[in-house]
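All figures in this text were calculated on a predicted structure; none of them were measured in a lab. In each ligand, atom 1 is the first atom listed, and ligand 1 is the first ligand listed.
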Amino acid sequence: MRILSVIGTRPEAIKMAPVLDRLARTPGIESVVCTTGQHASMLQQVLDLFGLHVDHDLQVMVQGQTLNGLCARVFERLDPVLERVCPDRVLVHGDTTTAMAASLAAFHRRIPVGHVEAGLRTGTLSQPWPEEMNRRVVDVVSDQLFAPTEGARQNLLTENLGGRIHVTGNTVIDALHSMVQRLETDAVLRARLDANLPALDPSRRMVLVTGHRRENFGPAMADICHAICALACRGDIELVYPVHLNPQVHEPVLRILQGQAHVHLIEPQDYAGFVRLMQLASVVLTDSGGVQEEAPALGKPVLVMREVTERPEAVQAGTARLVGASKERIEKEVSLLLDDAAQYQRMAHSVNPYGDGHASERIVAILCGQDMEPFRPETTLPGHFTTRS
Ligand code: UD1
Ligand code: UDP
């Protein structure tokens with residue numbers, strides 16, 4: 001069976017790395033990997049770190065790309081690859097333009113589509129935008145739906161879709177698990193990462209920040225930056241912010257935050273570097289999807305700069321809280337958490353509602369036609385990935 005996996009962005013590469021690794025080692029499967037190149041350097045960091053081999057690179061990224069331009073380039077450049085490779089199945093991940101366009105391109109050629117990380121929903125098309133729509137489109141055209149959680153399965157059932165649903169756990173926990181192990185065993189890697197850390201005052205707690213969502217572009221992004229400024233003025237914390245390369249993020253972040261004492265603006269980190277930063281952080285402040293899944297597994301409280309989330313499990317488990325994107329609310333919620341030791345302890349417990357480290361094993365077994373026990377959160381080992389420094 002020839003499987004063509006199509007990835008394009010940093011999170012897709014991180015979350016598909018364990019699946020691609022397993023596909024490559026499975027007898028009877030010919031694994032072909034295509035990157036759209038929706039992301040350039042941020043994708044390359046992941047490919048290098050995980051040693052992923054790419055067979056086709058569509059190189060679609062242009063600076064400040066539009067969604068329609070991006071979509072058009074993926075359709076145009078992927079179609080000849082589909083024709084040449086003639087796969088038995090296309091595998092896509094998540095909710096990006098790459099996933100949406102690649103799944104439609106495969107559908108147009110009557111190639112079956114498998115969707116890894118199917119069924120996440122906020123129920124609101126504008127949040128996250130355009131990802132909620134992207135994910136729904138991929139789910140509609142897929143015949144194999146790999147739902148990470150029971151909640152995602154329920155979302156899919158409500159929509160009466162044609163695909164077969166399997167609850168597999170999220171492959172991000174497989175990737176995180178392998179990276180935590182690598183950091184524990186590879187002293188050279190760890191030393192390299194620690195040498196490259198920004199100069200942090202060891203007497204201060206560290207808040208790790210990421211932010212890049214389109215619905216937060218403009219005034220909300222400025223508000224987030226002003227909240228970070230205000231928090232830096234507390235005098236007892238350091239904020240570390242690996243800045244996403246999207247100009248809509250990069251420009252306001254540098255304009256407002258560059259030179260601010262105790263705010264460390266750094267380049268996007270490779271996955272090893274970012275996992276290390278999460279381990280060192282006291283609090284994670286983010287609007288990212290993947291980080292909402294990883295930080296709880298590391299026992300780190302997550303404040304989510306969104307009004308709604310398609311990943312409610314960590315909120316239900318009490319390790320994540322939605323704080324929106326207004327300056328006052330972010331400042332208040334981060335301060336509350338830092339100043340209230342009891343509340344901090346309640347949020348800082350490790351939970352793995354998203355996976356048990358065996359998601360890719362389940363996905364590949366299902367692709368090979370085998371039956372698999374679904375992922376159940378209670379089968380996870382509490383604290384399994386907690387690595388405190
Ligand atoms: C995309 C995804 C989003 C995902 C995010 C992960 C869509 C619509 N959005 O958003 O779901 O959460 O990736 O990070 O698919 N850029 C570079 N180098 C890079 C990567 C990006 O310069 O390596 C700059 C380019 O100017 C590019 C811009 O960022 O045009 C935007 O990239 P794009 O993939 O369109 O959007 P993201 O905001 O990264
Ligand atoms: N990440 C990384 N380097 C960074 C910031 C994030 O490797 O500097 C990882 C993070 O651990 C997570 C993924 O990138 O696995 C999330 O990507 P992003 O926030 O860009 O996208 P989203 O998950 O919101 O789609």
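Taking distance alone, with nitrogen or oxygen atoms compared against 3.5 Å, Ala40 approaches ligand 1 more closely than that limit. Where the criterion is an N or O separation shorter than 3.5 Å, residue side chain and backbone included, Val62 meets it with respect to ligand 1. Between Gly64 and ligand 1, a contact under 3.5 Å exists for at least one N or O pair. At least one N or O atom of Gln63 sits closer than 3.5 Å to an N or O atom of ligand 1. Between Thr9 and ligand 1, not a single N/O pair is under 3.5 Å apart. Taking any N or O of Thr98, backbone or side chain, none lies under 3.5 Å from an N or O belonging to ligand 1. Annotation: Met42 places an N or O atom under 3.5 Å from an N or O atom of ligand 1; distance criterion only. Ligand 1 has no N or O atom lying under 3.5 Å from any N or O atom of Asn134, backbone or side chain.
In this structure, Ile173 CD1 and Phe375 CZ are separated by 8.0 Å, a value rounded to the nearest 0.5 Å. The CG atom of Asn352 sits 9.5 Å away from the NE2 atom of His177 when rounded to the nearest 0.5 Å. With rounding to the nearest 0.5 Å, the separation of CD in Glu293 from OG1 in Thr171 is 8.5 Å.
When hydrogens are left out, the protein atom nearest atom 24 (C) of ligand 1 is Leu245 O, 3.5 Å; that is the closest non-hydrogen contact. For atom 13 (C) of ligand 2, the closest heavy atom belonging to the protein is Ile14 CD1, 3.8 Å. Annotation: atom 5 (C) of ligand 1 to nearest protein heavy atom, His212 CE1, 3.6 Å.
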Query raised in the report: Where do Asp356 and Arg362 land on the salt bridge (Lys or Arg N to Asp or Glu O under 4.0 Å) test, with the steps shown first?
Result: CA-CA 11 Å; Asp356 58 1; Arg362 290 190 184 92; 2.8 Å; yes

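Against a heavy-atom cut-off of under 4.0 Å, Leu67 is close to the following atoms of ligand 1: 8 (C). Heavy-atom proximity to Thr97, at under 4.0 Å, picks out these atoms of ligand 1: 7 (C), 8 (C), 15 (O). Each of the following atoms of ligand 1 lies closer than 4.0 Å to a heavy atom of Thr96: 15 (O). Numbered from 1 in the order shown, with element, the atoms of ligand 1 that lie under 4.0 Å from a heavy atom of Pro130 read 8 (C).
Not a single heavy atom of His250 sits less than 4.0 Å from an atom of ligand 1. The closest approach between a heavy atom of His244 and any atom of ligand 1 is below 4.0 Å. Contact between Gln248 and ligand 1 is absent, with no heavy atom of the residue lying under 4.0 Å from the ligand.
Comment: Arg135 does not engage Glu131 in a salt bridge, judged by the lack of any side-chain N to carboxylate O separation of less than 4.0 angstrom.
The nearest non-hydrogen atom to atom 3 (N) of ligand 2, considering only His39, Gln45, Met278, Gln269, comes from Gln269. Selection from His212, Arg311, Glu294, Arg10 by nearest heavy atom to atom 6 (C) of ligand 2 gives Arg10.
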List the atom pairs, donor and acceptor, that lie under 3.5 Å between side-chain atoms in residues 282-291 and the rest of the protein, sequence neighbours left out.
residue, atom, partner, partner atom, Å
Thr286, OG1, Thr210, OG1, 2.6
Thr286, OG1, Ser288, N, 2.9
Asp287, OD1, His212, N, 2.9
Asp287, OD2, His212, N, 3.2
Asp287, OD2, Arg213, N, 3.1
Asp287, OD2, Asn216, ND2, 3.1
Ser288, OG, Gly290, N, 3.3
Ser288, OG, Val291, N, 3.1

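In Ser288, neither the side chain nor the backbone holds a heavy atom less than 4.0 Å from any atom of ligand 1. Heavy atoms of Glu131 found under 4.0 angstrom from ligand 1 belong exclusively to the side chain. Looking at Pro128 against ligand 1, nothing comes within 4.0 Å, counting heavy atoms.
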